[in-house]
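Each ligand, and each atom within it, is numbered from 1 in the order the structure gives. Just so we're clear, the structure is a prediction, and the values are computed from it rather than from any experiment.
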Amino acid sequence: MTVEGIVPGKLRLGVNIDHVATVRNARGGLTPDPVRAALLAIEAGADGITAHLREDRRHIIDSDIARLMDSISRPLNFEMAATREMVDIALKTRPHACCLVPEKREERTTEGGLDVIGGRDRLEPMVGELAAAGIRVSLFIEADPRQLDAARAIGAPVVELHTGSYCDAASGADRDRELARIVQAAAHAEVLGLECHAGHGLSYETVAPVAAIPTIAELNIGHFLIGEAVFVGLEQAIAGMRRRMDDARRAAL
Ligand SMILES: CC(=O)[C@@H](O)[C@H](O)COP(=O)(O)O
Ligand SMILES: NCC(=O)COP(=O)(O)O
């Protein structure tokens, strides 16, 4: 299935619009509209849109997903917990892609990767159901080769490496260590034949070394871009990220 916005070999940018909805929900109204943000992001060069429908609907709500499906011309990457409720919503909605992420109501944001090893029996049938519906399934995991092996074993074609520990590292040495884990995991994904994405916490300061990893096909970035957009606008914020990604990838080739 050819999907507009997916060019083989290009490092794609998926813009996560969750936190436009966070601002909207702060007052319970209709603005700022995350769908308008998605349309502007696509105009600014986003290759896809990511939206996380959390169980507690703290930001993206069900009608946002429906309106995104009706409005955007680029692929929707629907982030969701691995629950029956969310699988049923995904099967009804049929987004281009689903990314299964761990979720706890008490967390401020995603705290870690999906435990595919421990949750294999529960995850494998869900991956199968979503894939059978023509949805590209990715698993949001730590940069751990064992989790990649498990993702491959249950038939997920894509993994997204959690870059939070790398982005949040307290020192240069810690950041270098976390980056090395991501580099090794991305290489392992290629050996396994898995498409490799990365995301969480990426910013202008941290994106280049991850974008330089040649086997990574897509970066999903949201919180930093929405924050930057408060000061310079969404188009300029995205253009700045796109430029840093492309410069890093070009320098690495
Ligand atoms: C999985 C991930 O890292 C993010 O895409 C996720 O959406 C983070 O959750 P919040 O957007 O609620 O912070
Ligand atoms: N899966 C990562 C994502 O979609 C965006 O994460 P963040 O940039 O909002 O931390």
Asks: Of all the atoms in ligand 1, which lie at a distance below 4.0 Å from a heavy atom belonging to Asn16?
Replies: 5 (O), 7 (O)
Asks: So how far is it from Ile141 CD1 to Cys196 SG, rounded to the nearest 0.5 Å?
Replies: 8.0 Å
Asks: Check if His59 has a non-hydrogen atom at a distance under 4.0 Å from any atom of ligand 1.
Replies: yes
Asks: Is there any protein N/O under 3.5 Å from an N/O of ligand 2, and what does the full list of such pairs look like?
Replies:
{"residue": "ligand 2", "atom": "1 (N)", "partner": "Glu79", "partner atom": "OE2", "Å": "2.7"}
{"residue": "ligand 2", "atom": "1 (N)", "partner": "Glu160", "partner atom": "OE2", "Å": "2.6"}
{"residue": "ligand 2", "atom": "4 (O)", "partner": "Asn16", "partner atom": "ND2", "Å": "2.9"}
{"residue": "ligand 2", "atom": "4 (O)", "partner": "Glu79", "partner atom": "OE2", "Å": "3.3"}
{"residue": "ligand 2", "atom": "8 (O)", "partner": "Gly222", "partner atom": "N", "Å": "2.7"}
{"residue": "ligand 2", "atom": "8 (O)", "partner": "His223", "partner atom": "N", "Å": "3.4"}
{"residue": "ligand 2", "atom": "9 (O)", "partner": "His223", "partner atom": "N", "Å": "2.8"}
{"residue": "ligand 2", "atom": "10 (O)", "partner": "Gly201", "partner atom": "N", "Å": "2.8"}

Asks: Against heavy atoms of Val101, which atoms of ligand 1 measure under 4.0 Å?
Replies: 1 (C)
Asks: Closer than 4.0 Å to some heavy atom of Asp18 - which atoms of ligand 1 meet that?
Replies: 7 (O), 10 (P), 11 (O)
Asks: If we ignore angles and hydrogens, is there a donor and acceptor under 3.5 Å between the side chains of Thr50 and Asn16?
Replies: no
Asks: Only one of His59, Arg58, Glu103 passes side chain to side chain donor-acceptor pair (under 3.5 Å) with His52; say which it is.
Replies: Glu103
Asks: Report the distance from atom CZ of Arg249 to atom CG of Asp247, rounding to the nearest 0.5 Å.
Replies: 12.5 Å
Asks: Are a donor atom and an acceptor atom from the side chains of His188 and Asp149 found within less than 3.5 Å of each other?
Replies: yes
Asks: Quick one: does Leu40's side chain get under 4.5 Å of Arg36's, heavy atoms only?
Replies: yes
Asks: Does any N/O atom on Arg54 come nearer than 3.5 Å to any N/O atom on ligand 1?
Replies: yes
Asks: Is there a heavy atom of His19 sitting under 4.0 angstrom from any atom of ligand 1?
Replies: yes
Asks: Closest by any non-hydrogen atom to atom 5 (O) of ligand 1: pick that one out of His52, Glu79, His200.
Replies: Glu79
Asks: Angle class for the His200/His162 ring planes (parallel below 30°, perpendicular above 60°, tilted otherwise)?
Replies: tilted
Asks: Tell me whether Thr163 contacts the main-chain N or O of Tyr166 through its side chain, where contact means a donor paired with an acceptor under 3.5 Å.
Replies: no
Asks: Looking at OG1 of Thr83 and CD of Glu55, how far apart are the two atoms once the value is rounded to the nearest 0.5 Å?
Replies: 8.0 Å
Asks: Can you name the atoms of ligand 1, numbered from 1 with element, that are less than 4.0 Å from a heavy atom of Thr109?
Replies: 8 (C), 9 (O), 10 (P), 13 (O)
Asks: CE of Met69 to CG of Asp64: how many Å apart, nearest 0.5 Å?
Replies: 13.5 Å
